[in-house]
Amino acid sequence: MASLSIPPLNSSIRSVLFTVILWIGLFCIAEINAGGDVGEFLRKGGNNPREFDYFVLALQWPGTYCRRTRHCCSSNGCCRSTNAPTGFTIHGLWPNYNDGTWPSCCTGKTFDAKEVSTLLSGLNMYWPSLSCGSTSNCHGGKGIFWEHEWEKHGTCASSVTGEEYNYFVTALNVYFKYNVTDVLREAGYVASDSEKYPLGGIVSAIQNAYHSTPELQCSGGALQELHLCFYKDFTPRDCAAGSNTTNGFVNSKKSCPKYISLPEIASLKLGKAETEVSQSTLLSSI
Ligand code: U2P
């Protein structure tokens with residue numbers, strides 16, 4: 001039988017090949033660290049992303065979000081006449097990497113509303129959607145807020161939080177245990193449409209309570225998001241988002257002024273006409 005013999009590569013071809021392979025390797029490492037699109041793909045590793053480093057409990061201040069609400073729908077927590085949110089609500093429980101990036105859409109699992117049916121009253125109350133729009137899921141479609149958060153973030157936390165039901169239970173438990181609304185209230189920082197509070201005072205109140213530094217995000221001078229960070233055993237740690245920041249307060253100063261407001265939540269008094277418009281829109285869409 002004839003055998004195919006491959007001639008040995010001469011040394012200059014070998015060195016060109018070596019350089020090309022080296023550059024591809026360096027590009028991949030740079031992309032993974034930079035969090036670019038190719039990096040996102042590489043990080044996910046085809047549904048096998050690397051293990052995350054810590055958790056972010058992302059909280060939203062409804063008084064700030066709800067200022068944007070112009071029309072109501074039944075799914076928008078801003079529009080409730082009863083059971084309106086009275087403090088921070090949950091945005092999500094996010095597994096993150098120490099360099100400030102995060103994995104997303106880690107498994108092909110899809111959100112199943114039946115899994116959380118026994119949690120609905122708690123989720124509606126403490127983890128409401130604050131908009132009418134639907135959000136993206138991990139399968140190229142649209143869905144409810146909880147679907148987005150579970151598929152994007154929850155599927156990446158399963159090594160610690162387990163599957164869908166346990167992810168939501170864990171998030172609710174952490175939210176109840178670390179009650180930032182209470183901590184701020186005890187320090188005198190309460191919802192108000194007239195007061196402005198020192199950013200440093202708000203950060204200090206949380207540092208004193210939990211011995212860790214949160215990250216704050218503002219919109220129009222009002223607190224919009226507050227992130228508490230946790231080790232994987234849910235003991236508090238500093239939020240060290242971003243490779244070029246040393247602690248969350250640096251980030252907070254970037255997006256918040258020195259004095260910030262905590263807009264009233266109950267002050268969302270949508271005009272009757274606006275509510276009626278949305279109700280008729282809702283009915284006609286059924
Ligand atoms: O900050 C804008 C959006 O980016 C996502 N985010 C941000 C910080 C972080 O540590 N992790 C993270 O996922 C959030 O996207 P969402 O969950 O809303 O789709 C955040 O809203």
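In listed order, ligands and their atoms are each counted from 1.
Side-chain contact check for Leu223 versus Leu199: every heavy-atom pair is 4.5 Å or farther apart. Using a 4.5 Å heavy-atom cutoff, the side chains of Asn208 and Val183 are not in contact.
Atoms of ligand 1 lying under 4.0 Å from any heavy atom of Glu149, numbered from 1 in the order shown and given with element: 16 (P), 17 (O), 18 (O). Atoms of ligand 1 lying under 4.0 Å from any heavy atom of Asn96, numbered from 1 in the order shown and given with element: 9 (C), 10 (O), 11 (N). Close approach to His148 involves these atoms of ligand 1, each under 4.0 Å from a residue heavy atom: 16 (P), 17 (O), 19 (O). Less than 4.0 angstrom separates some heavy atom of His153 from each of these atoms of ligand 1: 12 (C), 13 (O), 16 (P), 17 (O).
Neither the backbone nor the side chain of His227 comes within contact range of ligand 1; no heavy atom lies under 4.0 Å.
The aromatic ring centroids of Tyr126 and Phe176 lie less than 6.0 Å from each other. Proximity of the aromatic rings of Trp127 and Tyr175 is defined here by a centroid distance below 6.0 angstrom, and this criterion is not met.
Summarising the contacts of atom 18 (O) of ligand 1 with Glu215, His91, Gln60, Lys152, the nearest heavy atom is found in His91.
In this structure, Gln217 has no heavy atom closer than 4.0 Å to ligand 1.
The pair Glu115-Lys109 does not count as a salt bridge, with every side-chain nitrogen at least 4.0 angstrom from each carboxylate oxygen.
Relative ring orientation between Tyr167 and Trp150 is described as tilted, the plane-to-plane angle lying within the 30° to 60° band.
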